[in-house]
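The block underneath contains the structure these notes are about, expressed in structure tokens.
Every chain is numbered from 1 and lettered A, B, ... according to where its sequence line falls, protein lines coming before strand lines.
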Amino acid sequence: MSQQKTPPVVLVDGSSYLFRAYHALPPLTTSKGHPTGAIKGVISMLRRLEQDYPGSRVVVVFDAKGKTFRHDLYDQYKANRPPMPEDLGVQIAPIHEIVRAMGLPLLIIPDVEADDVIGTLATEATSKGVDVVISTGDKDMAQLVSDHVTLINTMTEIPMDRDGVVEKFGIGPEQIVDYLALVGDTVDNIPGVTKCGPKTAVKWLQQYHDLDNLMAHADEIGGKIGDNLRDALDHLPLSRQLATIRTDVDLDFGIEEVSPEPEDEEQLLELFKEYEFKSWIAEYSGDNGSNDRQPSHNPADSSPERQYDTIFTEEQLNDWLGRLEQADLFAFDTETTSLRYSEADIVGMSFAIEPGKAAYLPLAHDYMGAPDQLNRDATLKRLKPLLESTDHRKVGQNLKYDKNVLANHGISLEGIAEDTMLESYVLNSTATRHDMGSLALKYLGEKTISFQDIAGKGAKQLTFNQIDLEQASEYAAEDADITLRLHQALRPQLAATGQLETVYQDIDMPLVPVLSRIEQRGVMINASTLKQHSQELAERMAELEKAAHEEAGEAFNLGSPKQLQAIFYDKMGLPVVKKTPKGAPSTAEPVLQELAHEHQLPRLILEHRSLSKLKSTYTDTLPELISPRTGRVHTSYHQAVTATGRLSSSEPNLQNIPVRTEQGRRIRQAFVAPEGYKLVAADYSQIELRIMAHLSGDKGLLTAFEKGEDIHRATAAEVFGTSVDEITSDQRRSAKAINFGLIYGMSAFGLSRQLEVERKVAQDYIDRYFQRYPGVLAYMDRIRKQAHDDGYVETLAGRRLYLPEINARNKQMQQAAERTAINAPMQGTAADIIKRAMVTVEDWLQSEHADEARMVMQVHDELILEVRESALDTICHGLEKRMSAAADLKVPLLVEAGVGDNWDEAH
DNA sequence: CGCAAATCGTA
DNA sequence: GTACGATTTGCGT
């Protein structure tokens with residue numbers, strides 16, 4: 001008989017899971033409205049633990065109400081904690097009831113926090129030779145890890161032993177307490193070292209090993225952060241004490257006395273019924289009522305069993321095709337050789353019609369020894385009618401990508417009915433990233449196979465055609481399956497809010513094929529003028545570099561802020577105007593601008609920097625992005641990235657092509673139209689201020705726009721109390737800054753810095769502005785209040801932006817959220833409007849002017865088209881008309897279109 | 001090779 | 001003061 005190792009004791013930090021489940025999982029209630037999301041999260045986690053650690057004793061520990069020894073040490077302990085949300089509080093008692101019914105020991109020790117109970121029990125167990133697993137979502141617990149104690153985060157399935165702690169934090173478990181003391185904790189109100197975050201804390205601890213030693217050498221730390229450390233010396237020992245989990249609490253029982261009882265199945269069934277956990281009810285009301293549970297692999301009780309096929313034969317293909325043709329809606333995903341659609345080829349496709357059942361159709365896996373697969377081109381030909389049919393409705397995750405890839409194979413994907421990425425984005429643009437892995441975890445509670453898991457990473461990463469079919473099938477079929485299930489989870493949530501459904505249905509979904517076509521078209525760029533420009537920039541930069549080295553008296557890298565800091569502030573002793581967020585003296589543009597009044601070197605640096613930026617970002621790079629296939633540049637527009645509803649653009653980012661300087665405009669001159677065509681650039685004039693006028697209904701603002709006045713001039717006249725034609729250029733400039741500041745949720749401080757005037761003067765401008773435009777002030781107050789009350793703000797179309805930080809304890813964070821609250825409705829409404837315009841314009845051009853004009857770019861408030869010269873008048877007129885009509889506001893939406901041989905001229 | 005910070009381009 | 005993406009450096013792996 002071999003010696004069997006005793007199974008570990010599993011100590012569960014119930015309180016940490018309570019909060020994690022509450023925040024991580026979608027809100028869920030019973031039909032009567034009792035919240036149950038946190039209950040379900042915690043209980044499924046416990047059930048999972050029981051399965052994962054068969055034979056282990058599972059002990060559940062919760063915090064008790066009331067004060068603990070830490071409050072005695074420090075009366076401000078946890079003073080910043082917000083009260084527990086009501087819909088969380090009511091879930092605690094049910095959790096306790098269910099845990100008891102499950103027969104698990106439940107420890108709630110008065111005056112002792114769960115952490116300390118766990119620390120004490122863990123220490124006791126290890127001293128008796130029993131290993132311990134602590135299940136928690138709280139990283140502070142890492143201090144308890146040892147050779148016999150590991151942590152497991154059940155929600156993310158990441159276990160952490162000693163090496164894991166070192167890997168995650170960069171320091172050992174015994175250094176965690178010091179780390180926590182240095183970083184501090186705003187929620188628990190534990191003061192740390194100002195501006196010392198995880199990076200700095202780890203760096204110090206790696207160098208000085210522990211807090212005592214670091215404090216002894218505090219005078220060795222330079223910079224502002226060193227001062228901060230020295231300022232903190234007095235309270236650091238207390239912080240460390242507060243962060244230390246106790247392992248010596250006087251409990252009046254021992255670990256071996258804490259033992260499980262048999263499950264009370266009747267009681268459990270009753271509770272599951274009460275809280276409407278369907279799959280668990282089924283389990284407990286089953287025929288024999290015994291304990292042999294379905295192995296449930298995740299916290300969602302709707303997780304179906306998986307049956308994934310791989311399609312190798314004609315028969316299988318026919319079978320699936322038949323069923324896809326019958327389906328009301330099917331999920332679909334392509335696997336390709338590249339993330340860049342412009343160079344991606346199809347490797348395989350996956351499909352799902354009902355949850356849990358999916359198939360992968362491999363077509364081009366070509367690694368050594370790959371099984372025979374159906375012929376790609378012949379099979380795509382067979383799929384073509386289905387994929388090109390608008391009657392066969394498809395759901396996918398970012399179908400724009402699939403549409404672009406299929407286009408490379410001569411297939412025009414139609415019937416794009418639903419997109420899970422956009423569903424999630426419209427539901428809550430900031431709750432999560434909108435990639436499939438994140439969505440699966442958040443909305444289904446499932447961890448999916450990541451591409452890295454099967455393809456590796458870095459330079460050695462495989463492309464999908466090189467991946468073993470067994471793994472590829474599992475991965476690809478899961479994609480289609482999860483997509484379908486995500487859709488089933490998300491679509492009802494959208495439908496529950498009529499306005500959000502409209503935003504999804506009428507704005508974001510119709511835009512998908514429009515963007516797809518713009519991306520596929522690409523834009524024409526004159527590579528030779530850009531290369532010529534690069535040459536000239538290089539020559540000028542060489543001159544500047546030489547001059548700078550002479551000025552500094554030594555050679556250095558002009559591109560390195562760090563080396564610049566050394567030369568400016570250490571060697572030349574220039575005054576420090578401003579510091580970076582990390583406390584280093586800044587060498588940012590406005591600072592150099594300031595120093596340039598007095599010194600030659602910053603002037604040289606400034607010019608060198610701006611040229612270097614232009615060269616590396618644009619003149620060198622843009623020619624490299626020209627597709628050899630089309631001779632044009634194909635950006636990617638991202639529809640689910642920004643918080644406000646705007647698009648973003650990458651590879652290349654076409655939304656930050658220079659315009660302000662002459663050198664910059666030369667880059668715009670390289671964006672050209674083909675022979676016989678011109679570029680037309682049409683932009684909305686002052687769209688955000690007009691939206692502000694509409695939303696606020698302010699009389700003065702509305703009148704100014706109705707009369708078609710120069711709005712900055714009109715504002716200047718109001719604020720400075722003069723007539724419109726007496727306004728100086730300086731006054732107009734100030735008014736313009738005020739108007740922009742308004743859109744950004746300005747403060748007097750910000751405005752004063754912008755205008756380089758005293759703060760009091762800036763405040764005076766703002767006061768006078770609000771006096772003259774009282775409707776704007778009222779609107780701002782209304783928005784702030786709405787943000788605080790509802791936790792979100794919305795655009796005119798009803799697109800929401802959630803602001804979780806709006807009621808933060810930290811005043812700075814709260815104010816930042818308020819500025820976002822002010823800005824988002826304007827920025828977001830403008831985004832909604834241009835999105836609608838794009839759909840209308842594309843439809844119009846496709847149906848009436850297919851050979852004469854096409855959209856090639858969007859830059860937030862501007863559309864750029866290629867237009868045949870013979871059609872210029874018609875198109876410009878029709879374009880302005882449609883863009884203006886994209887929204888019906890209380891003020892006219894003015895659109896200004898320009899024509900030119902290149903983008904600069906058209907602007 | 002991967003990541004964070006600093007910087008700078010746009011609306 | 002809002003919203004983004006790309007590049008470079010510097011550092012640690």
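Residue A:Arg646 has no polar side-chain atom (N or O) positioned under 4.0 Å from OP1 or OP2 of C:dC4. Applying the 4.0 Å criterion to OP1 and OP2 of B:dG9, one finds that A:Arg660 has every side-chain N and O outside that range. Dashed line: the shortest gap from a side-chain N or O of A:Ser650 to OP1 or OP2 of C:dG5 is not under 4.0 Å. Taking 4.0 angstrom as the limit, A:Asn557 places a side-chain polar atom (N or O) nearer than this to OP1 or OP2 of C:dT9. Regarding contacts with the backbone of C:dC4, every side-chain N or O of A:Gln827 stays at 4.0 angstrom or more from both OP1 and OP2. A:Thr587 has no side-chain polar atom (N or O) that falls below the 4.0 Å cut-off from OP1 or OP2 of B:dA6.
We find that A:Arg800 and A:Asp790 are not joined by a salt bridge, their nearest charged nitrogen and carboxylate oxygen being 4.0 Å or further apart. At a threshold of 4.0 Å, the pair A:Glu688-A:Arg646 counts as salt-bridged, since one of the basic side-chain nitrogens sits closer than that to a carboxylate oxygen.
Of all the heavy atoms in A:Leu422 and A:Val512, the pair that sits closest is CD1-CG2, 3.5 Å.
Across all strands, A:Ala643 comes closer than 4.0 Å only to sugar-phosphate atoms, never to a base (heavy-atom distances). Counting any heavy atom pair closer than 4.0 Å across all strands shown, A:Phe740 reaches no nucleic acid atom. Contacts of A:Glu651 with the nucleic acid, taken as non-hydrogen atoms under 4.0 Å apart, involve only primed sugar atoms and P, OP1 or OP2.
Listed by residue number, the members of residues 605-620 of chain A with any heavy atom below 4.0 angstrom from DNA chain C are A:Lys613, A:Ser616, A:Thr617.
The closest donor-acceptor contact from the side chain of A:Arg665 to the backbone of A:Arg660 lies under 3.5 Å.
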